[in-house]
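See structure below.
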Amino acid sequence: MRIPLSWLREYVDLPARAHDVAERLAMLGFPVEEIVARPEITDVVVGRLDAVERHPNADRLFVCTVDVGKEAPVTIVTAATNVAAGQTVPVALVGARLPQMTIDRRSMRGVASEGMLCSPDELALPPEWFEADGIMQLDATLPLGGDVIALLRLRDAVLDVEITSNRVDAMCAIGLARELAASYRTALRLPEFVNPGSDAAPSAASVDLESNDCSHFVLQQFDGVRVGASPVGVRVRLALCGVRPISNIVDVSNYVMLETGQPLHFYDARRVTGERLVVRDGRAGERLVTLDGVERTLSPAALVIADERTALGLAGVMGGAGSEVENGTTSVLLEAATFNGARVRRTAQAFSLRTEASSRHERSIPPALAELAAARAASLVTELGARAYAPVIVGSLPPRRSIALTPHEVTRLLGMQLTAERIAERLSSLGCGVSENGERLVVSPPAWRDDLTVSADLVEEVARMEGYDAVESAVPAIAPREISSREYDLERRAAQTMAAIGYRETITHSLQSSHTTESVAVKNPLSEEQRFLRTAIEPALLTAVARATEPTRLFEIGHVFFASNDAIVELPLLAFAMSSAQAEDPPWRDAEFLRVKGDMEAFLREVSGRSVVTEAVERAGLHPGKCARLLVDGAEVGIFGRVDPRDERTHDTTYALYC
């Protein structure tokens, strides 16, 4: 979220350096991703064009007589086409420094020019969001000769602040100012939130909530509206926040959203059928042209604001073009509502339409902000000359909850020894109501903090206000515990012995598609080929050997899994597989079988340190005449043999061991 530092300074006294404020925000849990410094601009003042005449020697130039608050006016030659007598404009005097130039006195086609009229671009503002034809227009109420940069608050940097998903209350100027005021222990200056329509007569407008995904709705009507450009200070502030100025009424909704965190929307009242708004599900096949000019096909999954006839906008995302405020609009309806965050997020995703409003609504805005923001917007609209009716409020606010907290809990979690008075002071600075009940503090979180639900949340708030750097760094006590490495050492010894004999270690996947009655199924498999834990290692080894283009010897030390009596049994095993292209000579003798027999006996003697006995045996999957088991101290520890000829995939002779 982009926020000008000058806006925060209106609410709280802050250090002069932007980096100091950024560091404090980071300590509070709001890291600043970028500090956008403003360029140095000097000697740009407010001027009034007293006269504008054609240049006597150039068809495309104008000679302007400009009053800049001095005894004598100055003469400035310009090529801008949007200049006219009576306009108030920014004037760069001789010697002024702009982002890309320094202003000098010069002659233009025989006429001396004593400065330059400035466009938005020359004040480092996006020109496409202001006057497209050239010179920037200022308010006639600004004092002639006044410093434009100071009046428009264009000296301070703009902070790009990262707001975590649980802190939608901080996604605005007042939210961040409240955090900074509490951290710096200084006063917080807020505008008044008194709705000028509170004592007025009600209008005929009404609202119905047909969906449970809207819990609170404030509707207010204004007559006598005159749509035009916003004051230049408002337009500049919106531009610095990355929001395009549109008109005075629409700009009020965006300004209040950036100030309070509550998105608003204005409807042209004459284009709302029956003067009645309805919050409902979309209808299958229903169509809506949103403010971006795109026609969208709705479904019951979309939450919409509608009138008696059709949908007027996507709730919490974007309004519709059919009820858009235009230059001829004279009566408007204001919407300030609380929607289900998950529903708004799904709607925005379904239409690939993420807006400033949806980015806030999808985080579940506290219901109390709706009435506060409506009051602020009503006061700004009436300042523009409109008449306010009494607001219509549907839905009640949830009761304030209380959380018990003890100093012992703070000490246990933070290691800080803080008194109850200090804890109460820290929480109160954030807007919490705090009272003492014996050894406990009873804390009522403010209406704008829905993220404070348990005592641990309050402890975190205390830590933020005290500063995380004040938390003592200490290594927790760890009880000594000896862990036997016998199994690990045995596995490594077995692997080294197999490598010495001539086998290469490999690792195969422990998930497979085939299964038996003893197989263990995975609850959330990535694919059907990985649904079951393996009950044997050798099938994957045989597959790897069969894919080899030359004689191969592989082994793996891994685990197999079995389901037994509602329990899962996990066993470590060693398996090997090899292939050879050597023919049998003489035919009745298998030299490779004897070689494998010698390898395995040598392996077991080395690993166990005992003598090994080999006995002929028959096992499923192995050649009935070329299969043997390995015994150590009379106990069977492994099986090896040639793969059953019916299962061989190549002409190579393949052997496998289960150990």
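Excluded from the calculations below are hydrogen atoms, water molecules and symmetry mates; all remaining heavy atoms, backbone and side chain alike, are included.
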### Task
Could you tell me whether Asp208 and Arg280 have a side-chain N and a carboxylate O separated by less than 4.0 Å?
no

Separation between CZ (Arg178) and OG (Ser183), nearest 0.5 Å, reads 14.5 Å

Quick note, salt bridge (Lys or Arg N to Asp or Glu O under 4.0 Å) partners involving residues 148-165, not counting sequence neighbours, are Arg9-Asp156, Glu10-Arg153, Asp147-Arg155

Residue set satisfying side chain to side chain donor-acceptor pair (under 3.5 Å) with Arg531, at least two apart, ordered chain then number -> Glu528

Name the orientation class of the two ring planes belonging to His265 and Tyr267 (parallel below 30°, tilted from 30 to 60°, perpendicular beyond 60°). perpendicular

Residue pairs passing the salt bridge (Lys or Arg N to Asp or Glu O under 4.0 Å) test with at least one member in residues 305-327, sequence neighbours excluded, are Arg271-Glu326

Cation-aromatic face contact Arg24/Tyr184, 6.0 Å, 45 degrees:
yes

| message | For Arg235, is there an ion pair with Asp251 - N to carboxylate O distance below 4.0 angstrom? | response | no

Those residues at least two apart in sequence (or on a different chain) that pass side chain to side chain donor-acceptor pair (under 3.5 Å) with Arg354 are Glu362

State, without any angle test, whether Thr164 and Asn166 hold a side-chain donor-acceptor pair at a distance under 3.5 Å. yes

Sorted by chain and residue number, the side chain to side chain contact (heavy atoms under 4.5 Å, CB included) partners of Ala200 (sequence neighbours excluded) come out as none

Residues passing the ring pair (Phe, Tyr, Trp, His ring centres under 6.0 Å) test with Phe266, sequence neighbours excluded, are none

Practice item. Please check if atom CD in Glu295 has more than 12 non-hydrogen atoms from other residues, nucleotides or ligands closer than 6.0 Å. Key: yes

Here the side-chain hydrogen bond (donor to acceptor under 3.5 Å, both in side chains) pairs for residues 375-384, sequence neighbours left out, are Glu259-Arg376

The side chain to side chain donor-acceptor pair (under 3.5 Å) partners of Thr329 (sequence neighbours excluded) come to Asp268

Sequence neighbours excluded, the answer for side chain to side chain donor-acceptor pair (under 3.5 Å) partners of Asp451 is Arg449

Glu210 atom CD: more than 12 heavy-atom contacts under 6.0 Å
yes

Could you walk me through whether Leu28 and Met465 pass side chain to side chain contact (heavy atoms under 4.5 Å, CB included), step by step?
CA-CA 7 Å; Leu28 292 171; Met465 292 301 104; 3.4 Å; yes

Contacts table for residues 243-250: side-chain donor-acceptor under 3.5 angstrom, sequence neighbours left out:
residue: Asn248; atom: OD1; partner: Gly228; partner atom: N; Å: 3.1
residue: Asn248; atom: ND2; partner: Arg226; partner atom: O; Å: 2.9

When rounded to the nearest 0.5 Å, the distance separating CD1 of Ile135 from SG of Cys118 is 7.0 Å

Using residues 215-224 as the side-chain source, report each donor-acceptor pair under 3.5 Å to any protein atom, sequence neighbours left out, with the distance given to one decimal.
residue: His216; atom: ND1; partner: Gly395; partner atom: O; Å: 2.9
residue: His216; atom: NE2; partner: Glu371; partner atom: OE2; Å: 2.9
residue: Gln220; atom: OE1; partner: Asn195; partner atom: ND2; Å: 2.9
residue: Gln220; atom: NE2; partner: Asn195; partner atom: OD1; Å: 2.9
residue: Gln220; atom: NE2; partner: Tyr389; partner atom: O; Å: 2.8
residue: Gln221; atom: OE1; partner: Ser203; partner atom: OG; Å: 3.2
residue: Gln221; atom: NE2; partner: Asp223; partner atom: OD1; Å: 3.4
residue: Gln221; atom: NE2; partner: Ser331; partner atom: OG; Å: 3.2
residue: Asp223; atom: OD1; partner: Ser331; partner atom: OG; Å: 2.6
residue: Asp223; atom: OD2; partner: Tyr389; partner atom: OH; Å: 2.6

Residue pairs passing the salt bridge (Lys or Arg N to Asp or Glu O under 4.0 Å) test with at least one member in residues 211-220, sequence neighbours excluded, are Asp213-Arg343

